[in-house]
Amino acid sequence: MTLMQTEQNTVAHTVTPLLEVTDLVFGVAGKVTVGPISFSIGPGEAVGVVGESGAGKSLLCRALTGMISYHGGRIESGSITYDSRVITDGRQSDWGSVRRSGIGFVPQASLSGLNPMRKVGAHFKEVLTRNAEDRAQGWHARAVELLEQVQLNDPKRVLGQYGHQLSGGMQQRVMLALTLATRPRLLIADEPTTALDATVAKEILRVLRRLREEEGLAVIVVSHDLGVIEQVCDRVHVMYAGRVVESGATDAVLGRPLHPYSAGLLATDPSAVPFGQALTPIPGEPPAAREWARSECSFAARCPHARPQCLATEPPAEPSPHGGEVACIRWREIQGEVGA
Amino acid sequence: MTLLDGNRVIAPTVVELDDITFSYGEDARPAVDGVSMSLAERHSLGIVGESGSGKSTVARIIAGALRPQTGSVTVLGENLLDTGRARSNRVQMIFQNPYAALNPRLTCGEAVAEAARVVLGQSRKQAQATSVDLLHEVGLGSSQASVYPRSLSGGQRQRVVIARALACEPTLLVADEPTSALDVSVQAQIVNLLLRLRVERGLSLVMISHNLAVIGHVSDSVVVMRHGAVVETGTREKIFNSPEADYTRELLASTTFTR
Amino acid sequence: MSAVTHALVRGRSAEARPARFQTGWELPAGITILVVLVLTSVFVPVISPYDPNALSASILQGPSAAHLFGTDQYGRDLLVRVALSIRLDYSIAIVGVGFSLVVGTTLGVLAGSARRSIWGTLLMRATDAIISIPFILLVLLIVLSIGPTWSPLGIPQGVPALMIAIFLTGWPIFARISRTQATSVMSEDFILSAQLMGYSKRRIVFKHVVPNVSSQVLTYAMTDCIMIIALTGGLAFLGAGVLPPTPELGSIMNEGKSIITTAPWVTFFPACAILLSAIAVSLSVNGILNRQNQK
């Protein structure tokens, strides 16, 4: 059951990507603009997005699931291609079929995803009677199968319970199973373990890993927790103030971060710094969306390596040796300084 | 280094809990059941556990906000069961949600000055000066003294809460999940601030957290709690390097260490 | 990614203005209407050459330069009578609601911040008893038992009884609102913190609980005032409460109702005064609530 970390990282880009996001810029007019962000993900792969509160992570989830308009936002430019089909090119969007069966989304607050007046079973019945294949199997049998897939004990009993009768970990599993009921090929999980106890969180992450390894599900995990990303994802995108400041292979980015913000996050995270060694906080606090700088490096104000030239222009994303990009004009020099 | 192993008392104890039991209602399952622990002066004790472990209840018992039904509680040499609620304002608490811990109708400066005036008996003017000094000590400027908590960020609010606690010149700080509501990059600022204050002011510190990693950076000794009982107690080195209880091992394995 | 995208992003953010603090138009509009009404009620009777109760030959004249609001069937100037009515109705509302507010809030806050819940329970049962009786019925009962003609200190007949009735029926609501709010404030960490600092009970109640209860209580008081103005008018319209010849919005309308087809202005202007008061108060309350929500 437990697969080694290294095996995860050997998954290569041999197949055509399931989801391809190119230069996607989105936001809520007059308030937030996030992006540009580009990445691709194939079956069985996992991509992580890490960032602090207000970095634009949740908006990204909404953009990738075609729900951004419900939040008053819109996709401004760039494109999303799912299974070689263009879903949106910045002008026109076609989400219907993809949302129904292609992309599954597990939102952050799992309890609010369950109607308190209806039993867990009723939620499954609603989804599972729409599909002929599921109807043939019988929704109940299929629901039990799905709940077993997310390693929930005693699924039959859970189907007869209400959401609030379940523990946080069980609710999260039920939401995961409900999302899987639409047979998605890509799963987007927004903070899947936040608000869960550590031991429970570990179980949820194990389920996610199993789903991608055994079922070939593509997984996008959005979290503020580097540890969560590390356990599930082979590639990571570090977001700061609405931009991806660094991307690349998870091991490489977390092992030898190139962008000062990624490095700062690692030096400030108590679980990443050995005990007895002082934590190095990043000074200041993340800027609110209306303060996101677009004519300079938005991290410059908190960056220990900032120079006047950092304020001159927004740093472009350059290809990085970690197989991704880095958006810092001084990353080479800084690597030299740190190495020396 | 600590008095927890054996009976060798090296420094005087500031907190001594002996077999305390507490439940929130008469028929309720005890939130804390037969818990004992102690803390030596100028040391820091970490209490770690998941939700429902009773760690926050223990924090409130130590602070004197709750009174256990059985057992004995001695804090700063005062038996809290004899005197009722803690009357010593030498014990102060830091809370998980700094916004709820600040009166929205008082500016940050007023909140700190009020404590200096009432607890230390300072004049209005003295208290104002003290408040500016304390806010400065926790890393806030005088411009932040005149604003209401709602216009500060989470980290800044937590600093105000700490400054207000310092205005009482406490000897023991009880911090209940002080960084859980904060961003990762802000969390370390508060952890480092608490560590610095501990050294500079000779404070004793009880730190409650669900995050073993935070406890590992702050505490000399660690108490692991589960379902209202103590699972394991030991020095930080012992808990992290050679844990005895299965649950401690599980907790350690679940803490998502990035290395 | 392309340079064009960058330019786009930059251009867009340059346009995006920082979120402006929206003040809203409701509060200024509401306050303006209230100020106009109050100024009218204060100054018109002083300036006007007409005696509000003097009969004259010029009966049932439509609005004109001499009589802006026209005259009634006794030839009395309606502008002066309406102005005096506003003055009276506002005073009844402010005094009645004011007493309810002070007494109700004091009891509610004390019960809500008491450590023993028995005080809260007692208070709530007492308020239940009062609230369970239909409001208008209770007011009528109180007014009748005090005696509608009682007029100490030269206060117009019916007014003192009405004020007492408003107070007796009003305070339980204030007690309930403030107790609920005080109980929730008491469970906040800043109160625990104040207790740990050893602050006195008095300080905790006055500095930490009361300010956090006041905004809810005050907004309710404003809406309550308008209910009381409507009630005073309604009672007078039915022939209870403030007794003629004291001018009162409701009794003026009552006098005008039989001639509404021939002299609609007699009912129109007092009705306008009540309507405008209601609109002004609800605008102000909305404005205040919006402001609070933005903070």
Side-chain angles (χ1 to χ4, degrees), chain B residues 56 59-60 62-66 75 84-106 108 110-121 147-151 157-158 160-170 172-174 176-178 181, chain C residues 18-23 105 108-109 112-118 120-121 177-178 180-221 288-295:
Chain B
S56 286
R60 274 155 202 249
I62 295 174
L66 293 175
V75 174
R85 293 154 76 91
R87 291 297 86 188
S88 164
N89 40 37
R90 306 262 163 209
V91 185
Q92 288 302 324
M93 257 185 103
I94 313 292
F95 302 88
Q96 172 167 8
N97 177 355
Y99 193 55
L102 292 169
N103 183 346
R105 296 303 176 112
L106 290 181
C108 300
E110 283 167 2
V112 180
E114 184 186 27
R117 217 167 74 229
V118 178
V119 177
L120 304 181
V147 300
Y148 288 92
R150 61 171 172 267
S151 40
R157 286 175 195 160
Q158 196 61 287
V160 176
V161 174
I162 294 172
R164 186 184 58 188
L166 294 180
C168 302
E169 300 189 340
L172 171 65
L173 273 188
V174 180
D176 186 5
E177 301 267 12
Chain C
R20 213 151 38 88
F21 189 76
Q22 292 201 334
T23 44
T105 309
V109 167
S113 55
R115 204 182 306 161
R116 278 159 49 117
S117 59
I118 178 80
T121 315
I177 294 175
S178 54
T180 311
Q181 186 68 10
T183 312
S184 103
V185 170
M186 282 303 286
S187 67
E188 296 275 0
D189 283 341
F190 68 82
I191 298 292
L192 173 56
S193 175
Q195 287 164 344
L196 292 178
M197 309 238 166
Y199 290 176
S200 66
K201 177 110 200 180
R202 184 203 191 89
R203 169 172 289 274
I204 290 176
V205 168
F206 285 103
K207 290 275 286 192
H208 297 270
V209 180
V210 170
N212 287 293
V213 169
S214 59
S215 66
Q216 293 223 348
V217 169
L218 288 174
T219 42
Y220 177 74
I288 291 171
L289 291 180
N290 283 348
R291 257 176 213 214
Q292 279 173 352
N293 290 345
Q294 282 190 359
K295 279 173 185 170

Given the options [options], which has more heavy-atom pairs under 4.5 Å with chain C than any of the others?
| options | result |
| --- | --- |
| B:Gln96, B:Met93, B:Glu114, B:Arg164 | B:Glu114 |
| B:Ser151, B:Pro104, B:Ala111 | B:Pro104 |
| B:Val161, B:Val118, B:Leu106 | B:Val118 |

Task: Shortest non-hydrogen contact between B:Cys168 and C:Met197, atoms and distance - done: SG-SD, 3.2 Å
Task: Heavy-atom pair with the smallest gap, counting every atom of C:Leu196 and B:Ala63 - done: CD2-O, 3.1 Å
Open item on the list: Nearest 0.5 Å, please: how far is CG in B:Asn103 from CD1 in C:Ile204?
Closed with: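 So the CD1 of C:Ile204 and the CG of B:Asn103 are separated by 11.0 Å.
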Task: Spacing of B:Asn97 atom CG and C:Asp189 atom CG [to the nearest 0.5 Å] - done: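 It comes to 7.0 Å.
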Task: Side chain / backbone / both / neither for B:Ala167 at chain C, heavy atoms under 4.5 Å - done: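 Neither part, no heavy atoms under 4.5 Å.
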Task: Region of B:Arg60 that comes under 4.5 Å of a non-hydrogen atom in chain C - done: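 For B:Arg60, side-chain heavy atoms alone lie under 4.5 Å from chain C.
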TODO: Keeping the roles fixed (side chain from C:Tyr199, backbone from B:Val119), state whether a donor-acceptor pair exists under 3.5 Å.
DONE: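 Looks like no, no N/O pair under 3.5 Å.
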Open item on the list: Is C:Ser214 close to chain B through its backbone or its side chain, or both, or neither, when contacts mean heavy atoms under 4.5 Å?
Closed with: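 Answer is side chain: those atoms of C:Ser214 sit under 4.5 Å from chain B.
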